[in-house]
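Just follow the structure's listing: the first ligand is 1, and inside any ligand the first atom is 1.
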Amino acid sequence: MTALPSVELTVYPQDCDAFGHLNHATVLTLLERARWESLARGPGVDLFRRNGIAPVVRKAVVDYRAAAFPSDVLRVEMAVVHRGTTSWTIRHTANRVADDVLVAEAELVFVCLDRTGRPTPLPEEMARLFGPRTSSGHAARSVTVDGTELAVEVRGEGRAVLFVHGFPFDRTMWRHQLAGLSRWKRIAPDLRGAGESGAGTVEYSMGRYADDLIAVLDAVGVSQAVVCGLSLGGYILFELVRRFPERVRGVVLCDTRPQADSADARRNRDELTALAAQSGPDAVAERMLPGLLSPVTLADQPEVMTQCRDMARRWSVPGMVGALHAMRERPDSTAVLGTIRVPTLVVVGAEDKPTPPAVAEAMARAIPGARYAVIPGAGHIAPLEQPLATSRVLADFLEAIG
Ligand code: MLT
C-alpha cells in the first residue's frame, strides 16, 4: 500500500444539494480535485502527460458515511491499494477536519491507456511511484529482471516443473495442469509483455526469454526443473537446452517444432506485427485463433475460445511485437534434438494445424529415447482443449522420471 500526499478541501455551497448536504455526485468531483492537488504536491500534475498516457476510471465504489455542509473542510487521504501491470486502485477517505467524522470512503480503479486508447503497462515512473505490483489472487509473485517485473505463479512443493506458454497466450493456458499435478512444484511465469508481466524495453529474442526463465528459476530457488513448453514455449526450451542444459531435468515439447521460420512464415510475422501495432492484440487474436483450435473445440467448448481471446487481450503491444520479432528471427533448433540427454516427452494435438503430428513425430524420433503422445480432439493448444488427456500423459511422464 503506497500513501499519496493527503490534502484538505473546502465544501462550497455549489457542491451541496437543495437541503444543504454535500451532493453525492460531487463527492467524486471532490475526490478528483484531491487527487490533482496531491499530484501537484508530489510528482507534478503533468505526470500522465509527460509519460504519454491517460488515467481512466474503470470502476468507482463509494460509501457515503455522514453528511457534510458548506464551509466544512475535508481531509482526503489516498493510498494505492492495488497495482497491476496496466491498472491501479486508489482508496480514498474523506474526514471532516473539525470533528474527524468519516464523511466518505471510495475505491476507484484506474487503467492506463496509451495514445490510441489501448491499455498499456504503467510507465516506469508511475510504477515506482505506486510501489510494487500486488498479487491478483492467482498467487502470482513478482520477479524483477533487468528492471522489468515478471509475474510468476508457483504452486505446490516437490520437484519442479516449469510451464512456458505459447503465443498469444499466458500462464493461465496451463490452468488445468497447475491445478492438478499436485506432487510437483508447478512454476508458471507470464513471459515478458504477456499476462501480468511488464514488457520492458529490451530487444526480444529466444535468448532474452531464456535468460528471463533462468532468472525466474533463481528467484524461486529452483536449480533444475522439468521444462514444459508449448509452441513459442518450445522454441524457448530449445534455447534453454542449448545454453543451460544443467538447469533442465526433463523436456516436454508440446505442439511445437524445431525448425526456424520459412520465408512465408516470416512474411506472415511481418503482417501480424503491422496488425498488432496498428490495431492491437484483439486483431491479432481474431486473425490467429480460429486456425489454432480444433473443430471439436470450436463446436463443443466455446469457452476455450473466450479464454484464448482473454489471454491475447492481456498482451501489451510491445510484448506482441517483440514476440513476433523473436519468433521470426529464431534459429533452427533441429541440431539440438540429438543432443538432448534428459527424459523427453513430445505431445501434440491430433488436429494441430501449425505444428501437425507428422512434425512432432519426426521431432520425437530425432531425440534419443523420447516418448511421443497424440491427444485426440485437440488442436494447437492441447493442455487447454483436452486438459484431462494432456495432464494424464504429462503425469505418467513425470511419474516415470521419478
Ligand atoms: C504459439 O502457439 O506459440 C505460436 O503458434 C507459435 C508460432 O506462431 O510460431
Review point. How about E125 and N51: does a side-chain donor come under 3.5 Å of a side-chain acceptor?
Key: yes
Exercise for review: Quick one: do L181 and V161 satisfy side-chain contact (heavy atoms from CB on, under 4.5 Å)? Show the steps, please.
Suggested key: CA-CA 10 Å; L181 300 172; V161 188; 5.8 Å; no
Review point. Which heavy-atom pair separates Q224 from A160 by the least distance, and what is that distance?
Key: O-CB, 3.9 Å
**Study point:** Cation-pi geometry met for R83 and F130 (6.0 Å, 45°)
**Key:** no
Study note, to complete from the structure: Here the pair of heavy atoms bringing A199 nearest to S316 is CB-OG, 3.6 Å
Exercise for review: Please identify each residue that fulfils side chain to side chain donor-acceptor pair (under 3.5 Å) with E77, with sequence neighbours left out.
Suggested key: R75
I'd like the atom pairs linking ligand 1 to the protein - N or O on both sides, separation under 3.5 Å - with distances to 0.1 Å.
from     : atom 1 : to   : atom 2 : distance (Å)
ligand 1 : 2 (O)  : F167 : O      : 3.2
ligand 1 : 2 (O)  : S231 : OG     : 3.1
ligand 1 : 2 (O)  : H380 : NE2    : 2.9
ligand 1 : 3 (O)  : F167 : N      : 2.7
ligand 1 : 3 (O)  : S231 : OG     : 3.2
ligand 1 : 3 (O)  : L232 : N      : 2.9
ligand 1 : 5 (O)  : S231 : OG     : 3.4
ligand 1 : 5 (O)  : H380 : NE2    : 3.1
ligand 1 : 8 (O)  : R269 : NH1    : 2.8
ligand 1 : 9 (O)  : Y235 : OH     : 2.5
ligand 1 : 9 (O)  : R269 : NH2    : 2.7

